[in-house]
Number of protein chains: 2
Amino acid sequence: MAKRSGVLELAVLGLLHESPMHGYELRKRLSSQLGAFRALSYGSLYPCLKGLVRQGLSTESTDPDEGGTRRSKIVYQLTADGKERFQQLLAESGPAAWDDETFGVRFAFFGRTDADTRMRILVGRRARLEERLDNLKGSFARTRERLDDYTTALQNHGLDSVEREVRWLNELIDVERNRKQTNTTPGSGAQGPGDTTKE
Amino acid sequence: MAKRSGVLELAVLGLLHESPMHGYELRKRLSSQLGAFRALSYGSLYPCLKGLVRQGLSTESTDPDEGGTRRSKIVYQLTADGKERFQQLLAESGPAAWDDETFGVRFAFFGRTDADTRMRILVGRRARLEERLDNLKGSFARTRERLDDYTTALQNHGLDSVEREVRWLNELIDVERNRKQTNTTPGSGAQGPGDTTKE
DNA sequence: GTTAGCATGTAAGGAGTTACATGATTTT
DNA sequence: AAAATCATGTAACTCCTTACATGCTAAC
């Protein structure tokens, strides 16, 4: 009954892990930093934050007016339990982690995810996309000439997008593999995947 | 209270407009042909179909066993009202029509959409994406160096995807404009946008 | 002075999923 | 004979949005 759900909770825990924040600020970060939750409503966010407090994952401190005379912000800060829960959620990452909506959020927190989990998610995501690719190509072959040009154009664009993401994932997976060979100790050496954007 | 909602209803009306079908078949087409509704559950589809019947947009005929001894399929066929409703929904296409989930479905039915509406949707969609592009580029400039490499890689990939879709839309809009000049009578001449997939 | 942005919340409802229930048919 | 696929449906539940309610501050 206290199951304040999956992705949003993870995303909020992740951002609060970086630094304490109030709800309004959090909402902006969710869209600008994580990309997901483009226009999350306060009707979702505030109850979620209250839920974290209820579960003892965050504290709520009415920051009493720093400077201006604004309505006093409510700053949320993760407890030790909250930080632990975040790590636990990151480590779990089952098949749900390679969904369209979830993957982006998981990926955004790769900086604090261990190498095995990173690899598992990347490979899982790629498998998911390749499966989709097979479906697209299959139905493409089956329905050839039965579709009008607009539908075909749409399917081609979709196909290209998925293929692009697979290539992107391949590059990321390569980088992870190289890192594994050259650098076994986590937390040292060069960080991140580098710029794999250009083709 | 009878508001059996937006996109799904439109998609179902569109597919039933092409040919009468039963629910199970319809579900496959929704994912393979339209791309949207990748794994729509029957818990959504069947109530929606019942809703169409309730509204007098479709008839329900228990097709009595054609060949095999299968559980008799229930074939849904649009009424005149249903066909009219489909055209009406296509023509409306307000700002909701350029949402991520909605746009694909609208576009898939461009073959039965008039030229003005097509252009309105394409331009609206492009504006929506360019707005998103501005946000991404803005926050990119603002938060430069404050994000780890994974987050940056994610944002770059997102940026590239949006830019790609804008280029795709630009090509489609060009094609529409040319068609407008050379061919004023709708329903005659060459159909569709051609293959604008390659770069 | 009024529009835009900051800041927090609640209640009602929409759109969909999951889990359950049933049973025939085709393929392995 | 088992497993996959065809075929239809319902009830409960989840996650999220919309619409409402409030009030302050900065910019134009």
Colleague: Measuring only between side-chain heavy atoms, which start at C-beta, is Asp99(B) closer than 4.5 Å to Arg128(B)?
Modeller: yes

Colleague: Nearest of dT5(D), dT10(D), dT8(C) to any side-chain atom of Tyr24(A)?
Modeller: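 When the side chain of Tyr24(A) is considered, dT8(C) is the closest of dT5(D), dT10(D), dT8(C).
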
Colleague: For nucleotides 17-19 of chain D, print each protein N/O atom paired with a nucleotide N/O atom at under 3.5 Å, atom names and distance only.
Modeller:
| unit_1 | atom_1 | unit_2 | atom_2 | d |
| --- | --- | --- | --- | --- |
| dT17(D) | OP2 | Ser41(A) | N | 3.1 |
| dT17(D) | OP2 | Ser41(A) | OG | 3.1 |
| dT17(D) | OP2 | Ser44(A) | OG | 3.3 |

Colleague: With the side chain of Tyr76(A) defined as its heavy atoms from C-beta on, choose the nearest nucleotide among dG9(D), dG9(C), dG5(C).
Modeller: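 Output: dG9(C).
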
Colleague: How many Å lie between NE2 on His22(A) and P on dC6(C), as a whole number?
Modeller: 9 Å

Colleague: Rounded to whole angstroms, how far apart are NZ on Lys28(A) and P on dG5(C)?
Modeller: 11 Å

Colleague: Send over the distance from Arg29(A) CZ to dC6(C) P, rounded to a whole Å.
Modeller: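 Between P of dC6(C) and CZ of Arg29(A): 14 Å.
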
Colleague: Are more than 12 heavy atoms, taken from residues, nucleotides or ligands other than Glu84(B), located less than 6.0 Å from that residue's CD atom?
Modeller: no

Colleague: Rounded to the Å, how far apart are Ile74(A) CD1 and dC6(C) P?
Modeller: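 Taking CD1 of Ile74(A) and P of dC6(C), I get 17 Å after rounding.
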
Colleague: Please give, in whole Å, the distance from dG9(C) C1' to Glu60(A) CD?
Modeller: 12 Å

Colleague: Among dG9(D), dG9(C), dC6(D), which is the nearest nucleotide to the side chain of Lys50(A)?
Modeller: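 In terms of side-chain proximity for Lys50(A), the closest of dG9(D), dG9(C), dC6(D) is dG9(C).
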
Colleague: Given salt bridge (charged side-chain N to carboxylate O under 4.0 Å, His left out), test Arg126(B) with Glu165(B) step by step and report yes or no.
Modeller: CA-CA 8 Å; Arg126(B) 185 178 54 180; Glu165(B) 189 172 341; over 6 Å; no

Colleague: Let me check something: any side-chain donor-acceptor pairs from residues 108-116 of chain A under 3.5 Å, sequence neighbours excluded? List them with distances.
Modeller:
| unit_1 | atom_1 | unit_2 | atom_2 | d |
| --- | --- | --- | --- | --- |
| Arg112(A) | NH1 | His17(A) | ND1 | 3.0 |
| Arg112(A) | NH2 | Glu18(A) | OE2 | 2.9 |
| Thr113(A) | OG1 | Phe109(A) | O | 2.8 |
| Asp114(A) | OD1 | Thr117(A) | OG1 | 2.9 |
| Asp114(A) | OD2 | Asp116(A) | N | 3.4 |
| Asp114(A) | OD2 | Thr117(A) | N | 3.3 |
| Asp114(A) | OD2 | Thr117(A) | OG1 | 3.2 |

Colleague: Taking CG from Leu26(B) and C1' from dT8(D), how many angstroms apart are they, rounded to a whole number?
Modeller: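 Leu26(B) atom CG is separated from dT8(D) atom C1' by 13 Å.
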
Colleague: Could you give the distance from NZ (Lys73(A)) to OG (Ser61(A)), rounded to the nearest 0.5 Å?
Modeller: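 Rounded to the nearest 0.5 Å, the NZ-OG separation comes out at 12.0 Å.
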
Colleague: In chain order, what residues pass the ring pair (Phe, Tyr, Trp, His ring centres under 6.0 Å) check against Tyr24(A), with sequence neighbours excluded?
Modeller: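 Checked Tyr24(A) against ring pair (Phe, Tyr, Trp, His ring centres under 6.0 Å); matches are Tyr42(A).
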
Colleague: From CD of Glu101(A) over to C1' of dT14(D), roughly how many Å is that when rounded to an integer?
Modeller: 13 Å

Colleague: Between Lys73(A) and dC6(C), is there a contact of a side-chain N or O with OP1 or OP2 at under 4.0 Å?
Modeller: no

Colleague: Send over the distance from Tyr46(A) OH to dA21(D) P, rounded to a whole Å.
Modeller: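 For the pair Tyr46(A) OH and dA21(D) P, the rounded distance is 19 Å.
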
Colleague: Evaluate the criterion salt bridge (charged side-chain N to carboxylate O under 4.0 Å, His left out) for residue pair Glu9(A) and Arg85(A); output intermediate values, then yes/no.
Modeller: CA-CA 10 Å; Glu9(A) 182 170 302; Arg85(A) 178 101 183 99; 3.7 Å; yes

